[in-house]
Q: 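I have a structure here, written as structure tokens, and I will follow up with some questions on it.
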Amino acid sequence: MSSELVIQGSLFTPVSPTEFTFLRQALVCIDSTGTIARIVRATDTDYSDVQQTAQRLDHLWQLPHNQYILPGFIDLHVHAPQWPQAGLALDRPLDQWLNTYTFPLEAKFADTTYATKVYHHLVHELLRNGTTTAMYFGTLHLDANLALARQCAQQGQRGFIGQLAMDNPDQTPATYRQTSSQEALQTTERFIVQLQCLAKTTGAALTPVITPRFVPSCTVETLRGLGGLAHRNDLPIQSHCSESNWEEQYAELTYHQRDAAVLDQFQLLTPRSVMAHGTQLNADDLTLFADRQTTVAHCPISNCYFGNAVFPVQQALNHQVNVGLGSDLSGGFTPSLYRNLQQAVMSSQQLQDGVDAQVAPAQRGRGTGRISATTAFYLATKGGAKGLNLQTGQLRAGFAADLQIVTDRLGTLMPNDAHSVFERLMYQTTPAEIATVFVRGRQVIG
Ligand code: GUN
Ligand code: FE
């Protein structure tokens, strides 16, 4: 067997929400199509042969002992145009934040030059944080959304890109909405064709996504039309579901149904759907998600500001709901999925314990629900890949060579057993520790 590149180093890869595999000094063999052809373990009989052949062909890359290979992370929920306002006005309630800050900023993407500048910056920022696949909300502007796709193609990121649909005159400003359902649907159809054409001509990993902003922003005709479009073209869908008290109440007041049931009524909950947040989902909603095989994009930092609650990750997993992780830029302030996986663990601890010391400990929290860093790692990798139906998110033969090489800065000061190293990597990694990033076998950072 001859590989284009053989990386020799220790690796971590997810197995389940409660288990990862650690391999010390494995050989990760990457073929010319950017796929992991094989992972050779130190105990395999042909380990030395493979290593020596790669060395002879000058294909061997030996990592220093304080560096580790992880799968690239998958961010299931990014509002690409909101990157310039990351961290701003997060003290406002969701509806005010949208109307006063976010819609005016997104409206500026009518200027494709501005869009290109922002998206160039954002895609680089995500890659240097180890995010090899991102699912993006774009804006109303088809040209700006194609500019985002071009940045993904040029910089080598796997991109799922959504032409935004929002046309409900009651809930959106006249300066930032589609003027009819027909316009919303036709623009989406044109975008699908043009993005698929761009993917073909560039060879880039680009996929169009059906993107109703959320139930309040859309008319019934648009929700119905987009559900049909996704069904006919077998396309992924993204939206928000049950993010906040306000969003849930809107569905109940307007449709006399749960937010999840409204989306389902319009065929928007499918095995290819990724719904952001879900903090307000009840047990019936979770059962519906499980039945539809729809994924939740858990956005724990954003939820601290806008969620009015903590999304119960463990309960969702117990309901057999697939869960991945999202930054929700800029409801979340950081492009780092490391920061988000840390927050997922922290928020789950607070859900379990409760937060109000004036309530007796036995009543204060749920008493269960805490997740580990292993679960959070699973969400950022295998859970995300499952939601997008991708062969990535794991270091495994036949999967895409989407990976990050990360330095353990504290390894000289503490024991280097697999569990200690793993927890340090999850808690201490910033872009400074991410030495190299590969997407589909191509080095994109480092
Ligand atoms: N709901 C509808 N639009 C948005 C958005 O841009 N961000 C968040 N967090 N929630 C939304
Ligand atoms: Fe969002």
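Numbering of ligands and ligand atoms starts at 1, following listing order.
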Q: Around atom 10 (N) of ligand 1, find the nearest protein heavy atom and jot down its residue, atom name and distance.
A: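 Going by distance alone, atom 10 (N) of ligand 1 is nearest to Glu243 OE1, 2.6 Å.
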Q: Report, one line per pair, each donor and acceptor closer than 3.5 Å where one atom sits in a side chain of residues 423-437; sequence neighbours left out.
A:
from	atom 1	to	atom 2	distance (Å)
Glu423	OE2	His419	NE2	3.4
Arg424	NE	Asp408	OD1	2.9
Arg424	NE	Asp408	OD2	3.3
Arg424	NH1	Pro415	O	3.3
Arg424	NH2	Asp408	OD2	2.8
Arg424	NH2	Pro415	O	3.3
Arg424	NH2	Asn416	OD1	2.9
Thr429	OG1	Leu425	O	2.5
Thr430	OG1	Ala432	N	3.2
Thr430	OG1	Glu433	OE1	2.6
Glu433	OE1	Thr430	N	2.8
Glu433	OE2	Arg409	NE	2.9

Q: Hydrogens and angles aside, do Gln280 and Glu243 bring a side-chain donor and acceptor to less than 3.5 Å of each other?
A: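 No - no donor-acceptor pair under 3.5 Å links their side chains.
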Q: Salt bridge or not between Asp402 and Arg158? Use side-chain N to carboxylate O under 4.0 Å.
A: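 Yes.
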Q: Return the option from Trp246, Tyr101, Trp97, Phe306 holding the heavy atom at the smallest distance from atom 7 (N) of ligand 1.
A: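 That would be Trp97.
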Q: Taking NZ, NE, NH1 and NH2 as the nitrogens, is one of them in Asp264 or Arg292 under 4.0 Å from a carboxylate oxygen of the other?
A: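 Here Asp264 pairs with Arg292 in a salt bridge, since their nearest N and O are under 4.0 Å apart.
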Q: Starting from atom 3 (N) of ligand 1, locate the nearest protein heavy atom and write down its residue, its atom name and how far away it is, to 0.1 Å.
A: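 Looking only at protein heavy atoms, the one closest to atom 3 (N) of ligand 1 is Arg213 NE, 2.8 Å.
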Q: Is it the case that the ring center of Tyr338 lies less than 6.0 angstrom away from the ring center of Phe73?
A: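 Yes, the ring centres sit under 6.0 Å apart.
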Q: For Cys241 and His277, run side-chain contact (heavy atoms from CB on, under 4.5 Å): C-alpha distance rounded to whole Å, both residues' side-chain angles, the deciding distance at 0.1 Å, then the answer.
A: CA-CA 6 Å; Cys241 182; His277 307 300; over 6 Å; no
Q: Out of all atoms in ligand 1, which are within 4.0 Å of some heavy atom of Asp328? Include the element for each.
A: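 Heavy-atom distances to Asp328 below 4.0 Å select 8 (C), 9 (N).
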Q: Check whether the side chains of Ser273 and Gln238 place a donor and an acceptor atom closer than 3.5 Å, and report yes or no.
A: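 No donor-acceptor contact under 3.5 Å links the two side chains.
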Q: For His277, counting its heavy atoms only, list the atoms of ligand 1 lying under 4.0 Å from any of them.
A: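 Checking each atom against His277, I get 9 (N).
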Q: Which ligand 1 atoms does Leu94 reach within 4.0 Å, using its non-hydrogen atoms?
A: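 Once the distances to Leu94 are compared, the set is 8 (C), 10 (N).
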Q: Show which atoms of ligand 1 fall inside a sub-4.0 Å distance from at least one heavy-atom site of Leu98.
A: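 Close to Leu98: 2 (C), 3 (N), 4 (C), 5 (C), 6 (O).
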Q: Taking 2.8 Å as the limit, list every protein N, O or S atom around the Fe ion (ligand 2), by chain and residue number.
A: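 Within the sphere that stays under 2.8 Å of the Fe ion (ligand 2), the protein atoms of type N, O or S are His77 NE2, His79 NE2, His240 NE2, Asp328 OD1.
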Q: With sequence neighbours left out, write down each residue that passes side-chain hydrogen bond (donor to acceptor under 3.5 Å, both in side chains) with Arg442, or none if nothing qualifies.
A: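 Once residues adjacent in sequence are excluded, Arg442 has no partner under the side-chain hydrogen bond (donor to acceptor under 3.5 Å, both in side chains) criterion.
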Q: Mind jotting down which residue pairs meet the salt bridge (charged side-chain N to carboxylate O under 4.0 Å, His left out) criterion with at least one end in residues 91-111? Sequence neighbours excluded, please.
A: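 Matches after skipping sequence neighbours: Glu106-Arg213.
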